[in-house]
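Here is the naming used below: chain letters follow the sequence lines, and residue numbers restart at 1 for every chain. Just so you know, these numbers come straight off a predicted model, no measurement behind them.
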2 protein chains.
Amino acid sequence: MGDSEKTCGSGPGGKSTPSARTRILDAAERIFAEQGVDAASLRRITREAEANIAGVHYYFGSKNGLVLEVYRRLIRPVNKKRLSLLDQARASAGEDPIPLPELVKIFFIPPLLICYQEHCARPHLPRLIGRMFSDAPDLIRKMIDEEFSKMKTRFLEELGMSLGRRPKEELIWKLHFMVGILVNTMLATEFPPLSLLDHHPAEKPAQSLRQILAFALAGIQQDPESLDLSMDDFESYRVDEAVFGEAE
Amino acid sequence: MGDSEKTCGSGPGGKSTPSARTRILDAAERIFAEQGVDAASLRRITREAEANIAGVHYYFGSKNGLVLEVYRRLIRPVNKKRLSLLDQARASAGEDPIPLPELVKIFFIPPLLICYQEHCARPHLPRLIGRMFSDAPDLIRKMIDEEFSKMKTRFLEELGMSLGRRPKEELIWKLHFMVGILVNTMLATEFPPLSLLDHHPAEKPAQSLRQILAFALAGIQQDPESLDLSMDDFESYRVDEAVFGEAE
DNA sequence: GAATAAATCAAACGATCGCTTGAAACGATC
DNA sequence: GATCGTTTCAAGCGATCGTTTGATTTATTC
């Protein structure tokens with residue numbers, strides 16, 4: 001159980017066949033990304049993993065257990081990396097706040113690098129991460145919240161220091177917007193919203209990262225109170241409810 | 001077919017019972033939001049709609065047909081409103097570009113007002129809209145692209161004018177980030193990412209809108225080239241692939 | 001009020017789902 | 001090489017899914 005991997009070694013030093021447990025996780029990860037968790041059947045997963053369907057319940061207890069493990073294996077290394085980068089930055093900043101650009105880079109770059117690296121071993125990852133936030137049942141959603149809570153807290157602390165005294169509510173909103181940008185960008189590495197683009201983001205990772213970081217950094221630095229908005233003419237933006245009932 | 005609604009009127013002027021077709025759409029919309037499209041069964045939908053299960057195929061041909069119609073009914077009025085607001089703004093701007101704040105308001109406020117209005121007739125809407133981008137099979141995704149294409153094109157045109165000569169690629173990225181912010185915000189009106197907030201966004205719609213608009217406006221105005229980023233030290237942000245295989 | 005079309009219904013079809021079972025194959029230990 | 005715990009296997013369980021059918025009810029038209 002404590003072992004990270006069991007191999008049925010064919011040759012020493014050469015590539016070895018992963019254990020059935022790992023093969024199931026790999027196949028599940030890929031197929032969940034393709035079809036969504038609900039639509040993915042254990043039969044297809046185990047068939048493509050070249051494993052028996054009973055193995056799923058032997059190793060993970062249930063399909064939900066498998067889903068939990070797939071997500072955990074996906075999230076943990078990324079947040080571990082981000083937390084370690086935060087620690088580094090905090091150490092080298094001493095008593096000062098971490099520079100905002102560095103904070104933004106720590107948030108965005110680790111997950112995006114996984115998606116953008118040239119010969120990504122798991123090209124389906126962005127899609128799966130994007131799915132995480134919407135097609136997961138409540139049980140999985142609770143686990144995801146737990147996995148992110150530490151990173152969320154640490155990041156809000158540092159963001160508060162770097163921005164100077166701003167209302168906590170504002171910090172939460174800004175972290176929230178960053179999550180939205182990140183998730184949608186990962187979803188779009190495979191998908192139409194960016195189809196207008198004449199190249200895949202992964203082909204120009206530096207330019208893509210620049211776009212994201214610049215946008216987020218500007219948004220974070222902006223003081224919402226400075227915005228001159230007439231907030232009383234909402235009515236003209238309201239969608240007529242009567243239209244809703246109609247098909248045409 | 002051309003009729004928008006058929007009512008089995010009980011009393012003139014009073015509330016009338018919607019047709020079975022409409023009742024199915026209403027129930028499907030709500031249950032799709034609750035459980036996701038895949039997990040929602042036609043049996044539950046028709047039970048709660050007080051209709052017969054065969055009605056789904058009579059009216060919509062298949063479950064996929066029902067899903068398509070639910071999404072269409074949801075998206076159309078919003079984009080119609082946004083397009084009409086764009087027309088208004090273009091008319092009153094004459095030869096000048098539309099002011100950026102106005103452009104951002106047109107994009108965000110119509111969909112968010114639906115979610116934030118006090119006694120929303122359909123409190124599940126944000127959740128459904130958020131789901132749209134991830135749990136939809138390819139068929140539905142194609143329809144969504146079609147429904148949004150006109151709005152997307154018009155908005156990119158106006159954004160290009162308002163921002164002055166910027167690369168088209170930059171405009172696409174910025175629209176893309178706005179979509180991410182919007183979708184995640186709608187998803188979060190019911191969901192954990194904002195659970196740190198001590199109030200529901202709908203309780204303070206003006207403040208919430210201010211946060212969103214300010215962030216997006218700043219991000220849009222920012223020139224990505226002005227950002228001083230050292231783009232060669234990616235390695236320190238890379239997540240160690242070796243960690244991935246491990247469970248603990 | 002008979003005839004025609006539209007809408008609704010109960011019942012069942014075949015397929016697939018997550019999950020369980022009990023035995024066979026495997027690997028380590030003495 | 002016998003023993004014991006771990007892993008893999010084929011087969012099947014009950015449940016639920018989307019869909020179809022054919023008859024019945026309701027509404028419309030002459």
Quiz item: Are A:L25 and A:E69 close enough that some pair of their side-chain heavy atoms sits under 4.5 Å apart?
Solution: yes
Quiz item: For B:R47 and C:dC9, what is the distance between atoms CZ and C1' respectively, to the nearest whole Å?
Solution: 17 Å
Quiz item: Under 4.0 Å between a side-chain N/O of A:Y58 and OP1 or OP2 of C:dC19, yes or no?
Solution: no
Exercise. Please figure out whether A:I53 or A:Y59 has its closest DNA chain D nucleotide nearer the 5' end.
Key: A:Y59
Quiz item: What is the distance from CZ of A:R23 to P of D:dT8, rounded to the nearest Å?
Solution: 7 Å
Exercise. Verify the contact: side-chain N or O of A:S41 to OP1 or OP2 of C:dT16, cut-off strictly under 4.0 Å; return yes or no.
Key: no
Quiz prompt | B:F32 CZ - D:dG18 C1' separation (whole Å) | solution = 12 Å
Exercise. Report yes if a donor N or O on one partner sits less than 3.5 Å from an acceptor N or O on the other, where the partners are the side chain of B:N52 and the base of C:dA7; otherwise report no.
Key: no
Self-check item: First encountered from the 5' end of DNA chain D, between A:R43 and A:A54
Solution: A:A54
Practice problem: May I have the distance from A:R21 (atom CZ) to D:dC9 (atom P), rounded to whole angstrom? | Solution: 17 Å
Quiz item: Across the strands shown, which category fits B:A40 at heavy-atom distances under 4.0 angstrom: base, sugar-phosphate, nothing?
Solution: sugar-phosphate
Exercise. Step through the shown structure and confirm whether more than 12 heavy atoms of other residues, nucleotides or ligands are within 6.0 Å of CD on B:E34.
Key: yes
Quiz item: To the nearest angstrom, how far is A:L42 atom CG from D:dT16 atom C1'?
Solution: 15 Å
Self-check item: Heavy-atom closest contact (B:L128 atom, B:F32 atom, distance)
Solution: CD1-CB, 3.9 Å
Quiz prompt | Smallest separation among heavy atoms of B:L74 and B:P77, with atom names | solution = O-CD, 3.7 Å
Practice problem: Once you apply the 3.5 Å cut-off to both distances, tell me the Watson-Crick or G-U wobble partner of C:dC30, or none. | Solution: D:dG1
Exercise. Give the rounded distance in Å between these two atoms: NE2 of B:H57 and C1' of D:dT19.
Key: 5 Å
Quiz item: Rounded to whole angstrom units, what separation is found between the NZ atom of B:K63 and the C1' atom of C:dA15?
Solution: 15 Å
Quiz item: Do A:W173 and B:T185 have side chains that get closer than 4.5 Å, going by heavy atoms?
Solution: yes
